[in-house]
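Input: a single structure, listed below in structure tokens.
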Amino acid sequence: MTDIAAASLNRITSERIYQAILHGAASIRDNHEELNRINVYPVIDYDTGSNLAHTMNYILTHATVHETVRDTLHDIARSALISARGNSGAIFSQYFNGLYQASRDSDALTLPELAACFHEAYEKAFNALEHAVEGTIITLMRAWSVEFRESLQKSLSPFDLFETALGKIRFALEETRHSLNELKSRDLVDAGALGYYYFMEGFVQALMGKRTELPSRMPASALPRIDADLHPVSDPANIPYRYCTEVLLETKQLDEAGLRSTLSSLGDCLLVASTDDLARIHLHTNSPWEVVRLAAAHGRILEQKADDMVLQNLLAGPAEAKIACITDSIADLPREYLHKHTVFQLPINVLIGSVNYLDKVTIDRTYLYDHLDQASSAQLNKEQIRHFLHPILAHYHALLILTVSSKMSGTYDRFHEVLDELGPDAARVALIDTKVNSGAQGLLVRAAVEQIEAGKDLKQVAESIEQLRSRAKIFVSVLDIEPMARSGRVSERIGRLLIRLRFKPLVSIDAEGKGTIQGIAFSVKKNRKLLLRTLRRRRISEYVIVHADAADAAEQLRKDMLNITGREPLYITDISAVVALFAGKGSVAVAYLEEENEGSSSCSIG
């Protein structure tokens, strides 16, 4: 290192800080595969590298250099918070926020000022965690801060200062092998800690002139796929909280203590990161929809996500010679059933304003009904389906996909388009248009699961379900016609007329999979009588009850159906948010499998 280069480190310009951070970010991005492979804490989901790569690549492609250090670090901190993914990504975002908060509004930093920034960065990251765990990324952040400050007091040269601090965190990284049982038993270092080491290594090398060219600004679509990097190293983990949930909020004045108090009882690994008017929440929970709803009380939601860590862990394990059953979220089945039988359910998009929510995952009925006038459904795109299918196809011998009726949604067509791109692997997939929705679709999924678990092969199961689907029926008692009218299912003029007449139809699905009105009534009482009278004429083998925030009506319907059939329903559950958009609040439905050779019925008036 030249004297000129060493002297320049005594006063580090905004441009140089910027380049050093970009090189640190690129170092993480370029080593993300290794981080994925060793990611076993806090859960075994092998995505730390990909999550950090996403955050760092966003910084590389969006953050810009400014005249002052403070403005440059502000841009980096904001980019990090917007793009943070996973626990380590959220911690890093607060680290950058600390660098920004401690910086001065000048064109350069002295080494003592940089030491203060490192200390504040560690403090911000540490305080963002509800329960900081030693032997992880936070340990290395503290080690760097302490060693840098202590080495500075020893009047070391800039070169020796940075090299000493880097050696200290290299040692701290090795020590993580012995800190946590999950790491000790596998002789691994912590993935997040290694990510931080890669960052500081790139950062230091850039400052010392060992890396001079700006790193490539790779578009997100060019990054290696997350799932291709999965590398199983252990048996499935015991995961008490299933969903890794994140929410990005825009908030003028964050009540961080209140937010933590509200969310802490819902799970673990709570982290709240913020900068200026943005806040990111990270929590492992079993009720992501509740996290989203409660977070919305503290600001405007910009984005949210919830990754199923149990399924991630499963798919990261050894391949299985089994058939995977896949459906979309319009199929109404109890969540417990889906989890017990490992049914993969792809959430349909629900839009509220400009924000996309995941049906049955990040949105519940309370939040939906509070924003019903702003809500609409949105088609899945091919990339969403590719991302969903890829790891399942890699893990299972064969896939059976049961979609909502193609006459009601484009989901079947999008799946078909993706399968057309698979080449030889498409032979391992059977795609079935159920021609129904809701509980009727759920019954077909149950029938498929039973046959898969009985050991039937893909062709046998697919043929059986294709034969069975003509016997899957549903009758929906609709009490509020306004959502159906607003959705465009009927013309605006007719919709206004039906609302004025208090039209309460009995809706079903015809043989082609199209919605059809089976009867009409003009009062709640007559509508229910019409439903029961229609069902009495049917030869029902087994049935389920679904409802839209109408638990009392569903319970009464259970009693009525018990009188009619002599049998209890297989289950009672809420309907999909997507279906609720059209069926309206208060609707209830009976879906059933009819006995063979039942005749059709005509429209009735109640």
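By the side chain to side chain contact (heavy atoms under 4.5 Å, CB included) test, A295 pairs with V247, L249, I281, sequence neighbours left out. By the side chain to side chain donor-acceptor pair (under 3.5 Å) test, S409 is found to be paired with T411, residues two or more places apart in sequence or in another chain being considered. Checked against side chain to side chain contact (heavy atoms under 4.5 Å, CB included), L338 has the following partners two or more places apart in sequence or in another chain: L333, V343, Q345. Checked against side chain to side chain contact (heavy atoms under 4.5 Å, CB included), E421 has the following partners two or more places apart in sequence or in another chain: K382, R386. Take D420 and apply the side chain to side chain donor-acceptor pair (under 3.5 Å) test, not counting sequence neighbours, and it matches H416.
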Apply side chain to side chain donor-acceptor pair (under 3.5 Å) to residues S508 and Q518 and explain how you reach the verdict.
CA-CA 6 Å; S508 188; Q518 290 289 303; 5.1 Å; no

Passes side chain to side chain donor-acceptor pair (under 3.5 Å), E320 versus H395? Steps please.
CA-CA 6 Å; E320 298 182 73; H395 184 82; 2.7 Å; yes

May I have the step-by-step check of side chain to side chain donor-acceptor pair (under 3.5 Å) for D359 and S576, ending in yes or no?
CA-CA 7 Å; D359 184 23; S576 155; 2.6 Å; yes

Given side-chain contact (heavy atoms from CB on, under 4.5 Å), test D370 with R293 step by step and report yes or no.
CA-CA 10 Å; D370 286 346; R293 177 170 53 80; 5.6 Å; no

Please determine whether side chain to side chain donor-acceptor pair (under 3.5 Å) holds for the pair D560 and Q556, giving the CA-CA distance in whole Å, both sets of side-chain angles, and the decisive distance to 0.1 Å.
CA-CA 6 Å; D560 293 333; Q556 182 57 53; 3.2 Å; yes

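Screening I330, V436, D433 against S405 for a side-chain contact (heavy atoms from CB on, under 4.5 Å) leaves a single residue, D433. If you run side-chain contact (heavy atoms from CB on, under 4.5 Å) between V292 and each of I363, V361, D364, I301, only I301 comes through.
Under the 4.0 Å criterion applied to side-chain N and carboxylate O atoms, R280 and E303 are assigned as salt-bridge partners. One finds no salt bridge joining K360 and D328 here, because no Lys/Arg side-chain nitrogen approaches an Asp/Glu carboxylate oxygen to under 4.0 Å.
The side-chain heavy atoms of M561 and Y592, taken from C-beta on, include no pair separated by under 4.5 Å. For the pair Y241/N286, a side-chain contact is recorded, criterion being any heavy-atom separation below 4.5 Å from C-beta on. Taking 4.5 Å as the limit, some side-chain heavy atom of L557 sits within range of a side-chain heavy atom of L532.
For the atom pair CD1 (I575) and CG (D332), the distance works out to 6.5 Å, reported to the nearest 0.5 Å. Distance CD1/I520 to NZ/K526: 11.0 Å, rounded to 0.5 Å. To the nearest 0.5 Å, atoms CZ (R446) and CD (Q441) are separated by 14.5 Å. For the atom pair N51 CG and S88 OG, the distance stands at 8.0 Å (nearest 0.5 Å). Between the CZ atom in F475 and the CG atom in L535 there is a gap of 6.5 Å [rounded to 0.5 Å]. Here the CG-CG distance, from L443 to L468, works out to 8.5 Å after rounding to the nearest 0.5 Å.
Considering every non-hydrogen atom in both T251 and G299, the closest pair reads CB-CA, 4.3 Å. L444 and L402 get closest at one heavy-atom pair: O-CD1, 3.8 Å. Summarising the geometry of K435 relative to A511, their closest heavy-atom pair is CD-O, 3.7 Å, with the distance given to 0.1 Å. Nearest heavy atoms, L283 versus G267: CD1-C, 4.0 Å. Closest approach of Q451 to V461, counting heavy atoms only: OE1-CA, 3.8 Å. When all heavy atoms of H547 and D549 are compared, the closest pair comes out as ND1-N, 3.5 Å.
Within a 6.0 Å sphere centred on CG of N563, other residues, nucleotides and ligands contribute more than 12 heavy atoms. Other residues, nucleotides and ligands place no more than 12 heavy atoms under 6.0 Å from the NZ atom of K407.
Proximity of a side-chain donor or acceptor of T285 to a complementary backbone N or O of S287 within less than 3.5 Å is detected. At distances below 3.5 Å, at least one donor-acceptor pair connects side-chain atoms of R567 with backbone N or O atoms of S541. A donor-acceptor contact shorter than 3.5 Å links the side chain of R428 to the backbone of L393.
Sorted by first and then second residue, the pairs that involve residues 309-357 and meet ring-ring contact (aromatic ring centres under 6.0 Å, His included), not counting sequence neighbours, are Y337-H341, F344-Y396, Y357-Y367.
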